[in-house]
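Structure, as structure tokens:
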Amino acid sequence: MSSTLTVDFFCSLDGYGSATGWPGYWGKEGPEILEDRVRTFAEDQVLVFGATTFRQFRKFVAEFDEPYYDSLNELPKIVFSSTLEEPLGWKNSTVINEDAVTAIERLKRTTDVPMRSHGSISLNRALLAAGLVDRLEVMIFPAITGRSGFASLFQDGAEFDLDLIESTVLDGRTQKLVYAPHLHTAVPEGVGPRRRDAE
């Protein structure tokens, strides 16, 4: 019995997950992006959150009406937090008050339902660094947010080599890239530019 963990990250071209003064989806959502979200969250899975992202999503699904929010409400959810207590105010949610890396490692060995984490920067950075992420899905929106950008998943994190599994263009402008991440340990010999023979 084993499960897989997917980290799902939306970002601007310069790698930021959010930006001050920009709307959701950086104002670039289109029908294919929304269809992708509907398909993604229609799958049988457990959603994994850190406390901050959990609070944000709990509020989003109550205030807004995206076509995949019903699925978010119905899917089982776990949130890692030492401050949140049940009832959590979002149905099918369970709080886990323990180290996320330890808990996810155990869940991957003892369950077979796939897990998915969207957002939750610090949580996902730790799970990536621990080598627990099987799939990294990055949706790159056509925007450069520059000084207004924040919440970068990769900046100051671990280093990875990535195997490309899937590449899709949505709505003719947004790139969805799916990778299998592998912790980078060393540069193989014989790669990179070669020096000219000394004369």
Side-chain angles (χ1 to χ4, degrees), residues 1-12 15-19 24-25 36-37 40-64 66 68-139 149-160 162 177-184:
M1 183 177 291
S2 63
S3 178
T4 58
L5 173 63
T6 297
V7 164
D8 186 344
F9 183 55
F10 283 8
C11 65
S12 58
Y16 292 108
S18 297
Y25 308 101
D36 175 87
R37 295 290 88 189
T40 294
F41 291 108
E43 298 171 1
D44 185 25
Q45 59 197 306
V46 174
L47 303 182
V48 179
F49 294 96
T52 298
T53 302
F54 180 87
R55 290 186 183 99
Q56 291 171 340
F57 269 76
R58 181 178 63 186
K59 182 178 179 182
F60 290 162
V61 297
E63 292 185 2
F64 299 98
E66 292 284 10
Y68 58 93
Y69 278 7
D70 286 346
S71 293
L72 292 183
N73 287 328
E74 295 302 322
L75 284 168
K77 294 167 280 288
I78 58 176
V79 52
F80 289 98
S81 175
S82 60
T83 57
L84 289 171
E85 294 181 355
E86 298 181 18
L88 295 166
W90 193 7
K91 67 189 226 179
N92 301 323
S93 299
T94 302
V95 66
I96 298 180
N97 182 5
E98 66 175 288
D99 175 69
V101 168
T102 302
I104 291 294
E105 192 276 333
R106 182 183 68 250
L107 289 170
K108 288 188 67 174
R109 286 187 289 104
T110 57
T111 64
D112 55 10
V113 178
M115 294 179 284
R116 173 179 295 270
S117 184
H118 180 79
S120 302
I121 297 297
S122 59
L123 169 65
N124 289 333
R125 192 178 288 160
L127 296 175
L128 280 162
L132 293 173
V133 177
D134 302 286
R135 289 169 58 95
L136 176 62
E137 297 185 5
V138 182
M139 196 173 292
F150 62 96
S152 172
L153 175 59
F154 308 118
Q155 185 175 358
D156 299 324
E159 300 174 59
F160 295 89
L162 304 172
L177 302 171
V178 182
Y179 294 104
H182 308 283
L183 284 163
H184 179 77

Sub-4.5 Å side-chain heavy-atom contact between C11 and V138: yes
If you define the side chain from C-beta out and look only at heavy atoms, does anything of D99 sit under 4.5 Å from E105? no
Given 3.5 Å as the limit, does a donor-acceptor pair link the side chain of Q45 with the main chain of T40, or not? yes
When you look at CD of E85, are more than 12 heavy atoms from neighbouring residues, nucleotides or ligands closer to it than 6.0 Å? no
Hey, is the main chain of S152 close enough, under 3.5 Å, to the side chain of R125 for a donor-acceptor pair? yes
Side chain proximity check, F60 to E66, heavy atoms < 4.5 angstrom: no
Is there a side-chain contact between T6 and V133 in this structure, where contact means two heavy atoms from C-beta onward sitting under 4.5 Å apart? no
Where is the tightest heavy-atom contact between G50 and S120, given as atom of each residue plus distance? N-OG, 2.9 Å
Kindly give the heavy-atom pair with the smallest separation between S71 and F41, and that separation in Å. CB-O, 3.3 Å
Got D134 and K108 here, is their nearest side-chain heavy-atom distance under 4.5 Å? yes
Quick check: does any side chain N or O of S117 sit under 3.5 Å from a backbone N or O of V48, one acting as donor and the other as acceptor? yes
Are the side chain of N124 and the backbone of H118 linked by a donor-acceptor contact shorter than 3.5 Å? no
Can you find a pair of side-chain heavy atoms, one from R55 and one from L84, that are under 4.5 Å apart? yes
Ring-plane angle category for F49 and F54, please: parallel below 30°, perpendicular beyond 60°, tilted otherwise. perpendicular
Minimal heavy-atom distance between F160 and P181, with the atoms involved, is CD2-CB, 4.0 Å
Do L153 and L128 make a side-chain contact, defined as non-hydrogen atoms from C-beta onward lying under 4.5 Å apart? yes
Would you say the side chain of V113 lies within less than 4.5 Å of the side chain of D44, judging by non-hydrogen atoms? yes
Smallest separation among heavy atoms of A151 and S18, with atom names: CB-N, 4.2 Å
F154/F9 aromatic ring centres below 6.0 Å: yes
Neighbour count >12 (heavy atoms, 6.0 Å) for atom CD, E63: yes
Would you say the side-chain atoms of E86 pair up with the backbone N or O of V95, donor to acceptor, closer than 3.5 Å? yes
